[in-house]
Amino acid sequence: SIDFLQMDNKLPTRIVKVNRDNSGERYFSGFDPSYQTAFADEALNRKLIENDLKNLEKLFLETKYLVTGTIVLSSALSEESIYFLLSLAKKFDVKLIIDLNWREVFWENSSYSSKFSKKKRINLIKNFLDSAHILKLAKEEAIFFFENADPFEISQKILNRPDVVITDGGNTISW
């Protein structure tokens with residue numbers, strides 16, 4: 001089903017530059033320079049969701065999980081929309097899976113979130129994580145946000161005490 005898929009004919013899709021260092025580790029170095037500071041993935045629109053609320057509620061009756069990342073918090077429009085979806089998810093007992101997917105460069109290049117300090121961005125994300133039932137993060141994200149990579153310890157720092165999955169490139173995951 002593509003119900004509730006939103007298309008934006010004005011904003012571009014991000015083209016992210018990913019490089020590798022000498023050891024093969026990846027790092028994100030920015031975006032295609034032809035693009036602006038607003039992107040389609042930041043344009044999730046609550047009004048478009050509400051236009052078909054009755055069908056969304058029917059869909060949520062059959063839904064077990066809502067999966068999202070944190071980039072939706074980097075714009076006011078999509079932040080409002082994801083919190084609206086979270087309120088509906090709670091109402092219908094839909095569990096939230098969050099893939100943290102921290103890429104500071106996304107936030108620095110957003111016309112909305114570039115105005116926030118790094119500390120405010122991190123707090124915004126940590127508050128959002130309190131809604132998670134399952135949290136997936138890379139080892140470097142775990143260390144950056146929680147100062148360790150132990151899934152149990154991280155879970156204890158989050159309101160819902162979610163299952164925490166930590167990936168580490170080609171190494172074994174921790175859960």
Side-chain angles (χ1 to χ4, degrees), residues 4 6 8 10-18 26-31 35-50 56 60 65-92 94-168 174:
F4 300 98
Q6 293 184 11
D8 192 301
K10 295 177 186 164
L11 295 175
T13 300
R14 289 178 204 265
I15 296 178
V16 182
K17 293 181 180 184
V18 181
R26 63 189 167 92
Y27 63 94
F28 299 86
S29 58
F31 306 104
Y35 289 145
Q36 327 141 353
T37 58
F39 299 92
D41 61 359
E42 299 174 299
L44 183 62
N45 190 321
R46 176 181 174 164
K47 289 179 183 170
L48 294 177
I49 296 166
E50 289 177 321
L56 179 60
F60 268 27
Y65 299 99
L66 176 62
V67 181
T68 186
T70 59
I71 196 64
V72 293
L73 303 174
S74 69
S75 83
L77 180 66
S78 61
E79 180 184 12
E80 175 191 16
S81 301
I82 195 63
Y83 276 108
F84 172 71
L85 286 169
L86 287 182
S87 69
L88 281 177
K90 286 178 187 173
K91 178 179 173 183
F92 290 92
V94 173
K95 306 294 184 217
L96 180 65
I97 299 173
I98 299 175
D99 181 349
L100 194 129
N101 204 18
W102 168 253
R103 305 290 179 260
E104 190 168 3
V105 68
F106 287 8
W107 294 73
E108 291 170 348
N109 288 289
S110 167
S111 56
Y112 173 71
S113 63
S114 62
K115 300 171 192 156
F116 302 159
S117 69
K118 187 173 185 175
K119 183 178 180 178
K120 183 174 179 178
R121 294 174 195 163
I122 290 167
N123 286 335
L124 186 68
I125 289 171
K126 282 186 171 182
N127 289 336
F128 184 64
L129 299 181
D130 281 339
S131 299
H133 295 91
I134 299 174
L135 172 61
K136 181 264 174 196
L137 53 156
K139 184 177 181 179
E140 63 269 15
E141 293 167 337
I143 292 167
F144 181 77
F145 277 85
F146 298 99
E147 299 176 353
N148 75 67
D150 180 290
F152 181 78
E153 286 184 31
I154 292 170
S155 179
Q156 298 307 301
K157 294 179 180 180
I158 300 173
L159 185 65
N160 267 355
R161 306 289 189 264
D163 283 336
V164 174
V165 179
I166 299 178
T167 60
D168 187 16
S174 302

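Given the structure is predicted, the values throughout are model-derived calculations rather than measurements.
For the pair Thr167/Lys136, a side-chain contact is recorded, criterion being any heavy-atom separation below 4.5 Å from C-beta on. Phe146 has its side chain within reach of Ile158: a pair of non-hydrogen atoms, C-beta onward, lies under 4.5 Å apart. Val94 is not listed as a side-chain neighbour of Leu88, based on a closest heavy-atom distance of 4.5 Å or more. A 4.5 Å side-chain heavy-atom check between Ile71 and Asn101 finds every atom pair outside the cut-off. Looking at Ile122 and Phe116, their side chains never come closer than 4.5 Å, going by heavy atoms from C-beta outward. Ile98 has its side chain within reach of Phe128: a pair of non-hydrogen atoms, C-beta onward, lies under 4.5 Å apart. Under the 4.5 Å side-chain criterion, counting only non-hydrogen atoms from C-beta, Thr68 is in contact with Leu96.
At most 12 non-hydrogen atoms from other residues, nucleotides or ligands lie less than 6.0 angstrom from OH of Tyr65.
Evaluation of the side-chain contact (heavy atoms from CB on, under 4.5 Å) rule for Glu80 yields Arg46 as partners, not counting sequence neighbours. The side-chain contact (heavy atoms from CB on, under 4.5 Å) check on Lys139 picks up Ile143, Ala149, Ile166, Asp168, with sequence neighbours excluded. Legend: residues meeting side-chain contact (heavy atoms from CB on, under 4.5 Å) with Ser117, ordered by chain and number and at least two apart, are Lys119, Lys120.
Side-chain atoms of Asp8 never come within 3.5 Å of backbone atoms of Ala40 as a donor-acceptor pair (strictly under, hydrogens ignored). A donor-acceptor pair under 3.5 Å is absent between the side-chain atoms of Glu141 and the main chain of Leu100, judged by distance alone. Side-chain atoms of Asn160 come within 3.5 Å of backbone N or O of Ser131 as a donor-acceptor pair. Ser81 places a side-chain N or O within 3.5 Å of a backbone atom of Leu44 that can act as its donor or acceptor partner. The closest donor-acceptor contact from the side chain of Ser155 to the backbone of Pro151 lies at 3.5 Å or more, if one exists at all.
When Arg121, Glu42, Glu79 are each tested for a side chain to side chain donor-acceptor pair (under 3.5 Å) with Ser74, only one passes: Glu42.
Summarising the geometry, atom OH belonging to Tyr83 is positioned 11.0 Å from atom OG belonging to Ser78; distances are rounded to the nearest 0.5 Å. Note that CZ of Arg161 and CG of Leu135 are 13.5 Å apart. Values are rounded to the nearest 0.5 Å. Atom CD1 in Ile154 sits 11.0 Å away from atom CZ in Phe145 (nearest 0.5 Å).
Ring geometry for Phe144 versus Trp102: interplanar angle under 30°, hence parallel rather than tilted (30 to 60°).
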Q.
Between Leu11 and Asp41, is the side-chain contact (heavy atoms from CB on, under 4.5 Å) condition met? List the steps.
A. CA-CA 9 Å; Leu11 295 175; Asp41 61 359; over 6 Å; no
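Asn148 and Asp150 make their closest contact through OD1-N, 2.8 Å (heavy atoms, listed as atom of the first residue, atom of the second, distance). The two residues Pro162 and Ala132 make their nearest non-hydrogen contact at CB-O, 3.4 Å.
Judged by a 6.0 Å distance limit and a 45° cone about the ring axis, Lys47 is not positioned over the six-membered ring of Phe84.
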